[in-house]
Amino acid sequence: MKKIYLGLTVAAATLFLAACGSSNKEATKENDQVSGEFTVVTNRTDADKLYDQIEKDFKKKYPEIKDIKWESAGTDYDQYIANRMNTEDYGDVVFIPFSMAGKPEDYSKYFEELGTVKAMEKDYLDVTEADYDGKAYGLPTVLNSLGLVYNEAVFKKAGIDKLPQSTEELIADAKTIKEKTGAIPFYTNYQRLAVWAGALSSYGGEDFKKEMVESKSAFKEGQPIREVMDVIYELAKAGLIEKDPVTLETQQAQQQLADGKIAMLMSGSQDVAPLQKISKDTINIMPFPHLLDGKTSLALGAPSVIGINKHSKNKVVAKAFLDFFIDPASGFAKDMGGMTPVKAKLDDTEQKAIKDNNVILTAPATDPAIEAKYTAIANEVGVGRLTDVLQKTVNIALYPDQNESYQDYVNSLEKKWEAAAKAHE
């Protein structure tokens, strides 16, 4: 029986691959027996049954495993694990805190090197979630896609049989939905507009930060933040969003989408299965309506990244467990509504999605110097998390008499960006 130890800890499982570094190979030679017991620290408090099943299946594959101790990190995951990592006792298999992304040079102090990025990306998707100097220290537990979650029945009722591939097509479809179905075409999720940050690479490519820093421009037509602003502005201006964006909260809106009262909202694939359970209609997710190199983007992001404690005494066992954990056989990816990062284990539908779209990471790897400069500029301009700028965009569209014009607002942001970029040359 799985044991859950409440406290704040990091749960992470990072795959140890055949293409691991030399230190991992040496550890394997020392002990090729997967046996004994080990600790997994997890940031989920809602997965007891899933973890029970994972433990049973892992023990079935490796009968010499005596016990898996599961420790729950609770809610304040990053803060707790940062404190706990001051010791060597932070589990064997650990979710790598995203807060470490600001100091990637520290990965090697706390986590085992899994291999070089170049070698690992042949077999795995998104190997740069926790990397430094060409070496990877963690892999995604699962990859979720980001896009527009929609009710297929509403689209069918509106006579729409092709998904939009541009902002113009999205607006046209939204108007058709409103006219023919009476449903609210789009839910803005006003209080959580920062999530659109994950869409920027779909609109601007994975090098968008570098391009915006080097060009000293960010708000001209076609640039990613401007593209997202235009989508939100045009939908709101045309009356294609919820009547009161400030008060309609996410859970209510998701139920309305399930009931066919809302047609679309921006979210991740992890929300599709729960919505499907409460809907008689088919709920699906579409790529963002924008073409890069003639294709829409399959925007993938990792909700968690797993790694192995560098000080673990059970690295061979941790290696085996991490291989198993990110494999579809564990059931973790399915539970999270996403796909495995293991390329060879993708199913036919996932393979087709990768073939038919550009695979774009929602948090692509960026040169640390570029990342620091981009963050500094964006924070000075006030678009670091997008919430303020997108909320103001909605307000301008809904209440034009109480605000500056949209074009004036865009122009003011562009001037601020140019000034901040020049200051950070």
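The structure presented is a predicted model; accordingly, all values stated were derived computationally and were not measured.
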Exercise. Does a donor on one side chain and an acceptor on the other come within less than 3.5 Å for Ser72 and Thr45?
Worked result: no

Exercise. Is a donor on one side and an acceptor on the other found under 3.5 Å between the side chain of Lys343 and the backbone of Glu121?
Worked result: yes

For this session: Inspect the contact between Arg226 and Asp230 and indicate whether a charged nitrogen and a carboxylate oxygen are less than 4.0 angstrom apart.
Result: yes

Exercise. Is a side-chain donor or acceptor of Gln191 paired with a backbone partner of Val246 at a separation under 3.5 angstrom?
Worked result: yes

For this session: Using modelled atom types only, decide if a donor and an acceptor are shared between the side chain of Ser279 and the backbone of Ala258 within a distance under 3.5 Å.
Result: yes

In a table with atom names and distances, give each donor-acceptor pair under 3.5 Å that connects a side chain of residues 281-295 to protein atoms at least two apart or in another chain.
{"residue": "Asp281", "atom": "OD2", "partner": "Asn151", "partner atom": "ND2", "Å": "3.0"}
{"residue": "Asn284", "atom": "ND2", "partner": "Glu152", "partner atom": "OE2", "Å": "3.1"}
{"residue": "His290", "atom": "NE2", "partner": "Tyr203", "partner atom": "O", "Å": "3.2"}
{"residue": "Lys295", "atom": "NZ", "partner": "Lys355", "partner atom": "O", "Å": "3.1"}

For this session: Kindly determine whether Asp367 and Lys210 satisfy salt bridge (Lys or Arg N to Asp or Glu O under 4.0 Å), including the steps that lead there.
Result: CA-CA 8 Å; Asp367 177 271; Lys210 180 180 179 181; over 6 Å; no

Problem set entry | Crowding at CG, Asp244 (>12 non-hydrogen neighbours, <6.0 Å) | yes

For this session: Please say whether more than 12 non-hydrogen atoms of neighbouring residues, nucleotides or ligands are located less than 6.0 Å from CD in Glu105.
Result: yes

For this session: Assert yes or no for the condition that the ring centre distance of Phe321 to Phe325 is strictly below 6.0 Å.
Result: yes

Exercise. Do Glu234 and Thr167 meet the criterion of a side-chain donor-acceptor pair at a distance under 3.5 Å?
Worked result: no

Exercise. With a cut-off of 6.0 Å (strictly less than), are more than 12 heavy atoms of other residues, nucleotides or ligands near CD of Glu425?
Worked result: yes

Exercise. Can we say Asp52 and Lys56 salt-bridge, meaning some charged N sits less than 4.0 Å from an Asp/Glu carboxylate O?
Worked result: no

Exercise. With distance as the sole criterion, is a donor-acceptor pair present between the side chains of Ser330 and Asp57 under 3.5 Å?
Worked result: no

For this session: For the residue pair Glu242 and Thr188, confirm or rule out a side-chain donor-acceptor distance under 3.5 Å.
Result: yes

Exercise. Can you name the one residue among Thr393, Ile232, Ile225, Leu193 that meets side-chain contact (heavy atoms from CB on, under 4.5 Å) with Leu386?
Worked result: Ile225

